[in-house]
Colleague: 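Quick one: the structure is below, questions incoming.
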Amino acid sequence: MNGEPVSDIYLVLTFPVTEPERYISVRTASHQEIHLIHSLSELDISSQAAVREDLERRYMIPKVVAIKMVKRQGNHWLWDVETSYGKVAFRTNQPQENIDILSNETYIIRDTDGRRFALHVSRLDKRSKLFWNKII
């Protein structure tokens, strides 16, 4: 700080789902913010890659890229999806209790085990959108 190198820092996304490449807080081990990266585009290519790699490890929220199947079973919904980390099957309770709306097209789904999945409706294929519209 004050022109001196700082070691032992970590990065925090201020808007992890809606703005994953903007407003990145750089903090010391004592949790003091020392810089705010407004956009990754401010950084050179190698720094962008380093920041993305660090944030991927810290924020492992799989993104739903396709919904293969979703069906109701009693009070639960069974999901079979393709995510940014591969195929996943999970169960949720009622959608109004387990799906958080972040914007018109961005949602966070919480399963019965507490895992979170990000879903961007505009990025889904036509079949996935049909399944999604059954839920919402």
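No hydrogens, no waters, no symmetry mates; every other heavy atom, side chains included, goes into these values. Note that the numbering runs from 1 along the sequence shown for the chain.
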Colleague: Quick one, I135 and I99 - any side-chain contact, counting heavy atoms below 4.5 Å?
Modeller: yes
Colleague: Within the 4.5 Å heavy-atom criterion, are L36 and I24 side-chain neighbours or not?
Modeller: no
Colleague: Are any of the side-chain heavy atoms of Q94 and N75 separated by less than 4.5 Å?
Modeller: yes
Colleague: Decide if the gap between the ring center of F90 and the ring center of F117 is smaller than 6.0 angstrom.
Modeller: yes
Colleague: Name all residues meeting the salt bridge (charged side-chain N to carboxylate O under 4.0 Å, His left out) criterion together with E21; count only those two or more places apart in sequence or in a different chain, and write none if there are none.
Modeller: R52
Colleague: Between D80 and V70, is any pair of side-chain heavy atoms under 4.5 Å apart?
Modeller: no
Colleague: With a 4.5 Å limit on heavy-atom distance, are the side chains of V121 and I136 in contact?
Modeller: no
Colleague: Less than 4.5 Å apart, any side-chain heavy atom of I9 and any of H35?
Modeller: no
Colleague: Ignoring hydrogens and angles, tell me if any N or O in the side chain of E33 forms a donor-acceptor pair with the backbone of R27 under 3.5 Å.
Modeller: no
Colleague: Show your working on side-chain contact (heavy atoms from CB on, under 4.5 Å) between V6 and I34 and close with a plain yes or no.
Modeller: CA-CA 9 Å; V6 178; I34 57 173; 4.1 Å; yes
Colleague: Is it true that a side-chain atom of T14 and a backbone atom of Y23 form a donor plus acceptor pair closer than 3.5 Å?
Modeller: yes
Colleague: Is it the case that the side chain of N98 and the backbone of N93 share a donor-acceptor pair, with hydrogens and angles ignored and the cut-off at 3.5 Å?
Modeller: yes
Colleague: Suppose the criterion is side chain to side chain donor-acceptor pair (under 3.5 Å): which pairs have a residue in residues 126-136, not counting sequence neighbours?
Modeller: D125-S128
Colleague: Do side-chain atoms of R58 reach the backbone of L11 as a donor and acceptor pair under 3.5 angstrom?
Modeller: yes
Colleague: Closer than 4.0 angstrom, basic N to acidic O: yes or no for R110 and D100?
Modeller: yes
Colleague: Do the non-hydrogen side-chain atoms of W79 and K71 ever get within less than 4.5 Å of each other?
Modeller: no
Colleague: Hey, does the side chain of D113 reach the backbone of R115 with a donor-acceptor pair shorter than 3.5 angstrom?
Modeller: no
Colleague: Give a yes-or-no answer on whether the side chains of Y107 and H120 include a donor-acceptor pair shorter than 3.5 Å.
Modeller: no
Colleague: Hey, mind stepping through R123 and V65 against side-chain contact (heavy atoms from CB on, under 4.5 Å) and telling me if it holds?
Modeller: CA-CA 7 Å; R123 297 179 188 164; V65 295; over 6 Å; no
